[in-house]
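Hydrogens, waters and symmetry mates play no part in the numbers below; they use all other heavy atoms, side chains included.
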Amino acid sequence: MVSFVPVALGASPPSASLSYSPTTPNPDETVTLDASGSTDSDGDIVEYEWDTDGDGYYGDYDDASDGQTARISFDEGGTYTVGVRVSDSEGNTDTERVRITVDNPAPDPSFTFSPSTPNPDDTITLDASGSSDADGSIVKYEWDTDGDGYYDDYDDAPSGQTTQVSFGEGGTYTVGLRVTDNGGKSREITKRITVDNPAPEPSFTFSPSTPNPDDTITLDASDSSDSDGRIVEYEWDTDGDGYYDDYDDAPSGQTTQVSFGEGGTYTVGLRVTDNGGKSREITKRITVDNPAPEPSFTFSPSTPNPDDTITLDASGSSDSDGSIVEYEWDTDGDGYYDDYDDAPSGQTTQVSFGEGGTYTVGLRVTDNGGKSREITKRITVENPPPEPAFTFSPSTPNPDDTITLDASSSSDPDGSIVEYEWDTDGDGNYGDYDDAADGQTTQVSFDEEGTYTVGLRVTDNGDVERTTTRQITVENPAPNASFVVAESDSEGLSVALDAASSSDPDGSIVEYDWYVEGAREATGSSVTLDFPRKGAYEVRLTVTDNGGKTASVTRTVGVSEPPTPRITFEPGQTVGTGQEIRLSGTESSDPDGRVSAYRWAIGGGDTAQGSEITRSFRRPGEYDVTLTVRDETGQERSATRTVVVREPPTASWQFSPDDPIDEETITFTASSEDDIETFRWDFDGDGEFDATGPEVEHAYSDGETKDVTLVAVDQFGVATRVEKQVPVEEVKPSASFEWRPDKPRSGQDVVLTGSTDADDATIEWDFDNDGEFDASGERVTTAFDENGKQVVVMRVTGPNGDTAETSRVVTIQQSASFELTSEQRTITTGDEAVIRFTASNELADVPIRVRLDIDLPGSGAGISGVSGAELASSSATTFVDIEPGGEDSLNLRVQFNSPGEYNLTGTAVYYIGTGENESRRTTTIGPVRVTAVSPDAAVQTGVVSPGFGVGTGLIALLLSLLLLRRD
């Protein structure tokens with residue numbers, strides 16, 4: 001016995017004493033613990049606390065109730081340590097511990113089975129009621145009926161004092177019984193059961209007895225029998241290969257059907273299998289007879305033309321003992337049926353012949369038994385000739401016109417025309433090199449006036465030809481003559497003439513002749529004529545077309561001084577890259593007339609016409625610009641000037657303040673590394689400048705984004721544009737809010753109060769930050785269901801429609817807290833660990849109700865009991881009620897039957913409030929880790945079952961410390 005040093009100086013500690021009865025209890029027997037022999041020399045013992053689970057802690061959840069006596073039981077054999085701690089009125093304590101041994105002899109298994117000589121599939125009753133336990137009772141009967149040595153697994157009979165089993169085949173089977181008593185002790189026994197099974201007797205008939213090919217033959221095995229059971233499978237071998245129920249055999253079954261496509265003798269087998277798996281076979285021979293079929297056919301029309309569709313009909317063919325399954329045709333007369341050139345197979349088919357003549361057609365029919373027979377007939381085809389005819393357009397063509405020849409009006413009275421050939425050179429030969437292309441329509445042209453003979457030859461689908469001819473007359477209208485004066489030399493005495501504007505309405509001009517004052521001076525489409533002096537000259541042009549027709553025109557050509565070109569630039573001769581420049585020739589002049597045309601050539605291959613043009617240049621450099629002007633007499637002169645293109649200057653600008661508002665003065669500042677002559681500002685994007693200078697000021701009266709442009713012009717007159725957007729903010733109302741209580745809990749009412757500096761403003765609230773407003777008003781009340789951080793948004797709308805928003809994070813405290821614990825981290829397999837579930841209601845004025853769903857492994861562990869509630873299922877407790885601010889605990893006893901490391905987690909399901917205001921929540925708790933080891937491993941690793949090893953050491957340490965302090 002170990003005693004604590006008394007706390008009160010001068011006071012004697014009590015003396016603990018412990019006895020128990022009976023002295024040798026059995027499992028589940030009630031043991032009475034008695035501490036009435038404890039004494040205290042100078043006072044009274046006021047408290048008796050028990051440690052009945054051997055963990056060294058007195059008066060906790062799993063121990064017997066406090067008191068001078070207590071009652072306890074142990075459900076398995078073993079040695080258990082029990083202690084009592086007594087305390088006197090002065091607070092002094094003493095403990096006493098004893099070891100109680102629980103004895104548990106193993107049970108005796110025994111079973112019988114009936115019937116004693118079962119057949120396959122018989123129900124065999126197993127009866128273990130003769131089993132016994134000398135010191136208690138048997139609580140579990142487990143069976144091993146598949147002989148694998150494992151009890152109560154998937155393939156075994158159900159557990160129980162009596163159970164049933166059956167075996168599908170004959171043989172000897174080992175059956176085992178394992179019984180477990182109320183103390184956890186088990187013992188096994190096995191017996192051998194013999195199942196007998198004689199083989200079945202196969203037998204079958206067939207009908208009809210003399211079948212023809214393709215007849216349905218019924219096979220009937222209903223006369224087959226089994227002396228000790230029943231036949232469960234009928235399998236057939238109908239293809240004679242010795243294999244039953246394979247791909248080509250008739251379907252399995254007591255009756256089935258088969259047919260044979262040809263005459264002959266066939267072997268059919270039957271194999272029957274009984275419910276015990278025994279099989280036996282039998283075979284019979286079936287003879288099938290087959291006479292040959294009779295072929296016959298007709299054809300229509302009876303007098304066909306070439307390419308006519310001729311229908312061949314063999315429906316008059318017959319087969320005396322079955323049916324015809326194949327009709328094959330020989331329509332090319334080569335004696336081979338159904339080859340590449342023959343009509344398709346079938347009772348009816350179609351054929352055609354391209355020419356007149358007599359053709360031999362054959363038919364071969366095959367019946368369902370594979371027998372064939374042939375027959376032939378002769379068909380005569382006739383062919384009248386085709387009728388050629390054609391039209392041409394245009395009806396009055398000109399030289400070189402494309403003339404379309406159309407033979408679509410040709411016809412063939414008994415078929416179709418398959419070839420159209422033309423003779424368009426009048427030599428009487430069709431389709432040769434100089435003729436128009438073959439075809440129903442074709443084209444031809446003639447290059448001179450005249451009458452031409454054109455012929456057509458047509459060939460029909462029976463290869464018969466016929467020809468016809470027509471005459472075509474070609475006419476030629478005269479051409480039109482026209483010319484212009486192109487240019488002259490500096491003195492105006494050499495003049496260039498151009499006749500490109502002359503034309504021919506029905507062809508082309510092939511010759512140009514030029515006459516001055518009646519004399520022929522030159523030929524060609526464009527010429528230059530030299531005149532002896534200035535003045536007016538009569539010039540005549542005569543043109544000849546491709547049909548030999550001519551036409552003339554006469555003009556008076558003035559010979560004078562040429563014009564003077566002049567180029568001017570706007571805005572100047574120097575421009576920036578990408579900047580437009582206007583090129584003008586309006587200051588050009590003609591000394592004796594007027595300028596009538598302007599033609600431009602710009603460096604890089606660019607050309608244009610007109611007195612003024614605009615251009616821009618992408619790269620810096622010098623570009624030559626040439627202007628050519630012409631007067632009314634056709635005289636031309638050119639001038640060239642150079643455009644200088646420079647890179648535009650660089651410039652940038654800023655504005656201050658960075659975030660301007662309505663009516664606020666904004667300072668705009670420009671800067672550049674180049675020599676800038678002028679800074680110009682456009683504040684409203686209208687294209688007109690509002691101010692000049694490197695630093696200017698401006699204010700806006702409305703809040704929105706403004707387009708501002710700066711134009712910087714350098715010393716050469718080259719400008720650059722810099723555009724930016726300036727955001728001007730509207731003056732918005734202020735927005736802020738507070739809430740009470742500062743740290744609300746989920747489900748608790750929260751009062752939110754908003755404030756703003758705007759008069760007559762509207763305040764709206766978004767409690768869950770989903771973009772939709774849930775309430776309005778300066779002060780609102782809500783409750784939050786979820787724990788954690790909630791974002792609340794307040795929006796203020798002023799009387800002018802200006803809005804402002806603010807958001808804050810409201811932290812929601814838990815409404816309830818939960819904990820899953822276990823003081824036993826390592827136990828022996830078969831023992832129980834107590835898992836404690838503690839629930840706390842954090843709300844001050846609302847009750848909750850809660851239950852625990854525990855996530856157990858698939859095997860190896862299970863709940864054996866619970867205190868503080870009841871089990872609603874194998875893994876969930878019933879609900880318990882917890883008052884506002886209260887706490888409650890449930891203790892689950894979990895038994896671990898297999899070694900391993902278990903991580904147990906749970907789900908706390910709880911409801912806040914009552915009635916219609918009740919809301920459901922869940923939270924995951926854990927894990928709790930418990931390691932279960934086998935009894936051998938527990939001894940080797942020093943695992944301590946509930947007892948005094950560690951507790952005694954701690955008491956000794958405390959006693960030493962107290963003695964030192966007292967000294």
Side-chain angles (χ1 to χ4, degrees), residues 482-502 522 524-531 533-537 539 555-649 713-721:
S482 175
F483 71 91
V484 297
V485 179
E487 60 180 324
S488 63
D489 62 8
S490 61
E491 299 298 327
L493 300 180
S494 293
V495 180
L497 305 174
D498 186 356
S501 58
S502 299
S525 175
S526 59
V527 299
T528 300
L529 300 179
D530 295 327
F531 295 91
R533 66 186 64 83
K534 295 179 182 180
Y537 295 87
V539 177
R555 284 188 59 186
T556 299
V557 175
V559 179
S560 64
E561 293 185 29
T564 301
R566 184 176 180 185
I567 302 171
T568 59
F569 304 106
E570 176 64 35
Q573 194 169 355
T574 302
V575 295
T577 55
Q579 180 181 352
E580 282 194 348
I581 182 173
R582 178 180 298 168
L583 307 176
S584 176
T586 57
E587 295 186 12
S588 302
S589 61
D590 183 51
D592 58 354
R594 63 181 180 83
V595 177
S596 61
Y598 304 81
R599 188 170 67 253
W600 299 86
I602 305 168
D606 188 10
T607 62
Q609 293 184 356
S611 60
E612 291 184 344
I613 63 172
T614 57
R615 286 294 184 272
S616 63
F617 302 89
R618 292 185 298 171
R619 298 182 180 87
E622 295 185 353
Y623 295 85
D624 290 334
V625 178
T626 299
L627 170 64
T628 300
V629 296
R630 184 174 64 198
D631 65 10
E632 73 274 9
T633 66
Q635 300 275 12
E636 289 187 350
R637 287 294 182 271
S638 299
T640 300
R641 292 188 65 186
T642 301
V643 175
V644 178
V645 181
R646 302 176 61 87
E647 288 286 356
V713 183
D714 67 9
Q715 58 183 335
F716 302 103
V718 180
T720 189
R721 297 172 62 89

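To the nearest 0.5 Å, atoms CG (L529) and OG (S494) are separated by 9.0 Å. Once rounded to the nearest 0.5 Å, the distance linking CD1 of I567 with OG of S588 reads 7.5 Å. The OG1 atom of T628 sits 10.5 Å away from atom CD of Q609, with the distance rounded to the nearest 0.5 Å. A distance of 10.0 Å separates OG of S584 from CZ of R566, quoted to the nearest 0.5 Å. The OH atom of Y598 sits 12.0 Å away from atom CZ of R630, with the distance rounded to the nearest 0.5 Å. Taking OG of S525 as the reference point, atom CG of D498 lies at 5.5 Å (rounded to 0.5 Å).
Contact between P648 and T577 at its shortest, heavy atoms only, is CD-OG1, 3.2 Å. The shortest non-hydrogen separation linking V595 to P563 is CG2-CB, 4.1 Å. Between S638 and P565, the closest heavy-atom pair is C-CG, 3.4 Å. Annotation for E647 and V718: closest pair O-CG1, 4.4 Å, computed over non-hydrogen atoms. Looking at every heavy atom in both residues, S502 comes nearest to S482 through OG-O, 2.6 Å.
With contacts defined as side-chain heavy-atom distances shorter than 4.5 Å, the pair R646/T574 qualifies.
A salt bridge does not link R582 to E570: none of the charged nitrogens lies less than 4.0 Å from a carboxylate oxygen.
The backbone N or O of F483 lies less than 3.5 Å from a partner atom in the side chain of R555, making a donor-acceptor pair. Judged by distance alone, the side chain of Q573 and the main-chain N or O of T642 form a donor-acceptor pair under 3.5 Å.
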* Start with the C-alpha gap between L583 and E612, add the side-chain angles, then the distance that decides, and say whether side chain to side chain contact (heavy atoms under 4.5 Å, CB included) holds. => CA-CA 6 Å; L583 307 176; E612 291 184 344; over 6 Å; no

* Show the numbers, then the answer: is there a side chain to side chain contact (heavy atoms under 4.5 Å, CB included) between I602 and I613? => CA-CA 11 Å; I602 305 168; I613 63 172; 4.0 Å; yes

* Where do V625 and T640 land on the side chain to side chain contact (heavy atoms under 4.5 Å, CB included) test, with the steps shown first? -> CA-CA 5 Å; V625 178; T640 300; 6.0 Å; no

* Would V643 and I581 count as a side chain to side chain contact (heavy atoms under 4.5 Å, CB included) if you check the C-alpha gap in whole Å, the side-chain angles of each, and the deciding distance to 0.1 Å? -> CA-CA 9 Å; V643 175; I581 182 173; 4.0 Å; yes

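Annotation: cation-pi geometry not satisfied between R641 and F569 (NZ/CZ under 6.0 angstrom from ring centroid, within 45° of ring axis).
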